[in-house]
Amino acid sequence: MSKDYEVLLYYKYVDIDDPEQFTKDELMFCKSIGLRGRILISDEGINGTVSGPKEVTKKYMDHMHAMDKFSDLWFKINEADDYAHKKMFVRYRPEIVSLKLDEDLDPNQITGNHLDPKDFRTAMQDEDTVLIDTRNDYEYELGHFQGAINPDIRAFRELPQWLQDNKDKFMDKKVLVYCTGGVRCEKLSGYLVREGIGKEIGQLNGGIENYGQDEETRGDLWEGKMYVFDERISVPINRVSPSVIGEDYFDGTPCERYVNCGNPECNRQMLASEENQEKYLGGCSHECRVHPRNRYIQAKGWSTQEVADRLAAIGEELPATVEF
Ligand SMILES: [Zn+2]
């Protein structure tokens, strides 16, 4: 059954004159048509994910395609039951994805080979190839390609250093990289080419999103789900043989439910069932559980005594100085 809403994912590296004015104009337009989401604009291009009723997303796509610069803008479209965002943000940034290279590069000048889903599937099964997931640790944990290397980073800008530290393993291999919609890999694969890390560099064109929708690959060789940066949290990718690989942070059982650690100073993203989140007072560690500003405890409205009792049930003690 067809749904009434759409989520759009898109980017383009292209010179934008007066990006700050363009940011203001776009924010006004997007709000006026009832679009929601997050758009980043910079001198180097645009990167967005937006959602709305189909007539609204169509208006937005027409609006973008009417501009010469964006007449070929590629929107990856996913149907949805509702808005996937609460608000509309359009922001000016120095980069459309924050990689912060010491020496920046233009992916229109230097980047890895763009491989379409079918070619990417063939390439990643080549024994002479290493497959690197360029996303963050919490994204990898929920789902990834079979056999992909997890750099275990918490932010994209940590990836160049990780590549430098591990480059000996990749020097004489073909290297393939992938990310959600493709934008992160544009500069990252360019960096690999520039640094000579790997003998041939390929990137998944259109990202995992495109791979999952492709009628030939149908998400084949993807394990688990794909993490997305909106209200949906995760979306299915593999339509051939779907699986669950996410594991509950507390007991390792299969789990695809994301929560943030209740300690506002930690905020760690983890997978946890409702039961375990409650059992462990919403905290990823003892220190986080007994943090005086634990948001999970605040939301539950538990008294100091109740917190102490709940901690005792998991063999922990509430420090005498902490009160709720
Ligand atoms: Zn924590």
Side-chain angles (χ1 to χ4, degrees), residues 38 49 84-87 89 91 97-100 132-144 148-162 165-166 179-180 184 208 223-235 244-324:
R38 186 165 172 269
T49 170
H85 306 89
K86 286 195 173 119
K87 287 183 176 168
F89 295 104
R91 295 209 164 114
V97 176
S98 185
L99 186 57
K100 297 187 175 156
I132 303 174
D133 192 315
T134 67
R135 301 170 305 150
N136 301 327
D137 51 4
Y138 53 87
E139 301 177 76
Y140 184 94
E141 279 160 23
L142 185 67
H144 51 255
I149 298 171
N150 176 15
D152 212 12
I153 50 170
R154 280 181 96 167
F156 187 50
R157 61 179 181 276
E158 297 169 16
L159 197 49
Q161 189 56 53
W162 182 88
D165 295 344
N166 292 276
C179 59
T180 311
R184 282 182 265 190
I208 308 154
E223 298 178 328
K225 291 214 173 121
M226 178 173 75
Y227 183 92
V228 288
F229 293 88
D230 61 54
E231 300 282 307
R232 297 168 301 166
I233 311 264
S234 74
V235 295
V244 175
I245 62 155
E247 291 180 357
D248 191 293
Y249 176 80
F250 298 101
D251 64 12
T253 54
C255 179
E256 293 186 326
R257 180 176 180 268
Y258 262 101
V259 298
N260 283 93
C261 175
N263 174 359
E265 284 167 25
C266 167
N267 229 3
R268 181 197 188 111
Q269 295 231 44
M270 53 189 176
L271 297 166
S273 66
E274 230 171 306
E275 295 73 30
N276 278 337
Q277 189 186 14
E278 180 166 321
K279 182 174 170 190
Y280 292 93
L281 296 81
C284 78
S285 64
H286 174 72
E287 285 66 37
C288 289
R289 288 190 266 285
V290 301
H291 191 280
R293 285 188 287 123
N294 182 332
R295 285 173 309 207
Y296 187 80
I297 292 177
Q298 286 175 354
K300 288 280 181 184
W302 291 334
S303 64
T304 304
Q305 186 56 50
E306 203 166 351
V307 168
D309 291 346
R310 287 178 177 274
L311 283 168
I314 54 169
E316 294 179 8
E317 236 176 278
L318 185 66
T321 52
V322 182
E323 281 183 15
F324 291 95

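Just follow the structure's listing: the first ligand is 1, and inside any ligand the first atom is 1.
Listed by chain and number, Cys261 SG, Cys266 SG, Cys284 SG, Cys288 SG are the protein N/O/S atoms closer than 2.8 Å to the Zn ion (ligand 1), with waters left out.
A distance-only check finds no donor-acceptor pair linking the side chain of Ser234 to the backbone of Tyr227 [under 3.5 Å]. For the pair Tyr140 (side chain) and Pro151 (backbone), a donor-acceptor distance under 3.5 Å is absent.
Residue pairs meeting the salt bridge (charged side-chain N to carboxylate O under 4.0 Å, His left out) criterion with at least one partner in residues 250-272, sequence neighbours excluded, are Lys225-Glu256, Glu265-Arg293. Among residues at least two apart or in separate chains, salt bridge (charged side-chain N to carboxylate O under 4.0 Å, His left out) pairs with a member in residues 311-324 are Arg289-Glu316.
Taking Arg295 as the reference, Asn260, Pro264, Asn267, Gln298 meet the side-chain contact (heavy atoms from CB on, under 4.5 Å) condition, with sequence neighbours excluded.
Shown here is Arg38, whose CZ atom has no more than 12 heavy atoms of other residues, nucleotides or ligands within 6.0 Å.
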